[in-house]
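Notes for the one structure printed next.
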Amino acid sequence: MIGEPLAVDLTNTRPLCPDGVHDLLENAADAGVWLAAQPDRIGVLGRGEANRLTERDVADLHDIRDAVNAALEPVRHGRRPPASALRALNDAQRAAPAIQEARWTRGAVTAAPVRSGTPGQRLAARFAEAAAELLSDPAVTTIRECYSEPCVMLFLPTNPRRRWCSAEICGNRARVARYYQRHKQR
Ligand SMILES: [Zn+2]
């Protein structure tokens with residue numbers, strides 16, 4: 001599940017599957033696979049770095065996910081987030097600030113944001129930045145949890161009628177359930 005605002009993608013890394021909650025960032029190998037799915041959007045890792053994460057980097061990812069969750073849950077319901085969660089987001093950005101690095105490339109200067117720090121610090125800063133943008137966006141209160149029963153995925157509906165995290169999986173499951181419900185009543 002990717003393609004929601006980056007901070008929502010991060011909170012969606014603990015999907016509820018038929019056999020329980022899974023963690024897509026459980027260890028360095030899993031986190032590497034998840035990060036490699038949208039490298040340009042995340043944009044803070046060098047080539048192959050997603051495959052060389054340390055336990056410390058994974059712990060940094062878990063910490064920032066906890067902070068994003070702690071802030072997003074109240075804010076999406078219009079409530080005040082814990083000060084500790086906002087502090088964690090701000091501290092993460094401060095630990096690996098981005099500069100617009102100017103480079104001469106093929107006859108012209110290009111500029112792209114470059115962060116300092118370890119891979120875990122850079123990732124935490126990137127997700128914290130994405131979270132700050134999301135939390136300050138008035139649309140944050142429209143974020144919904146998937147309507148399909150045990151599913152806990154969040155999404156930002158661009159279409160107000162959207163009810164499922166994924167039309168293919170949860171939307172289909174709901175349609176099948178409705179079909180059997182009707183069938184049973186006859
Ligand atoms: Zn769902």
Side-chain angles (χ1 to χ4, degrees), residues 1-45 50 53 58-82 85-86 88-89 92 123-124 126-186:
M1 267 299 291
I2 52 171
E4 292 298 326
L6 207 49
V8 174
D9 278 354
L10 182 66
T11 75
N12 281 343
T13 52
R14 270 207 208 102
L16 191 61
C17 298
D19 51 340
V21 177
H22 281 237
D23 187 350
L24 302 180
L25 307 179
E26 184 158 14
N27 51 48
D30 291 344
V33 169
W34 184 80
L35 291 165
Q38 43 182 350
D40 295 342
R41 214 170 150 223
I42 295 170
V44 292
L45 295 181
L53 297 177
V58 176
D60 287 343
L61 266 177
H62 289 177
D63 288 347
I64 201 67
R65 179 173 61 183
D66 289 345
V68 171
N69 288 345
L72 184 57
E73 202 47 33
V75 170
R76 77 182 182 90
H77 291 108
R79 293 197 300 269
R80 183 180 183 156
L86 297 187
L89 295 177
L123 287 166
R126 177 69 183 98
F127 286 115
E129 176 192 56
E133 283 165 6
L134 180 70
L135 294 166
S136 60
D137 184 335
V140 71
T141 56
T142 67
I143 289 176
R144 293 183 195 160
E145 192 167 287
C146 180
Y147 280 42
S148 177
E149 240 322 297
C151 185
V152 295
M153 301 291 242
L154 298 180
F155 61 90
L156 180 68
T158 42
N159 171 348
R161 290 169 57 200
R162 181 175 165 197
R163 297 170 64 191
W164 298 296
C165 68
S166 143
E168 293 78 40
I169 302 166
C170 287
N172 248 336
R173 186 159 58 203
R175 271 190 293 276
V176 169
R178 269 205 310 274
Y179 173 84
Y180 280 108
Q181 199 61 35
R182 272 203 308 271
H183 199 71
K184 212 170 66 187
Q185 281 163 4
R186 275 185 204 144

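Just follow the structure's listing: the first ligand is 1, and inside any ligand the first atom is 1. One-based numbering along the sequence shown.
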**Complete:** Any protein N, O or S atom under 2.8 Å from the Zn ion (ligand 1)? Found Cys146 SG, Cys151 SG, Cys165 SG, Cys170 SG
**Message:** For Asn27 and Val58: C-alpha separation, side-chain torsions, deciding distance, then whether side-chain contact (heavy atoms from CB on, under 4.5 Å) applies.
**Reply:** CA-CA 7 Å; Asn27 51 48; Val58 176; 5.7 Å; no
**Complete:** Leu154 and Glu4 have their tightest heavy-atom pair at O-CG, 4.1 Å
**Prompt:** In terms of the angle between their ring planes, are His183 and Tyr179 parallel, tilted or perpendicular, with boundaries placed at 30° and 60°?
**Reply:** parallel
**Item:** More than 12 heavy atoms from other groups under 6.0 Å of CD1 on Ile169
**Value:** no
**Item:** Check: Arg173 and Cys151 side chains under 4.5 Å, non-hydrogen atoms
**Value:** yes
**Asked** Between CG of Leu10 and CZ of Arg126, what distance do you get to the nearest 0.5 Å?
**Response** 11.5 Å
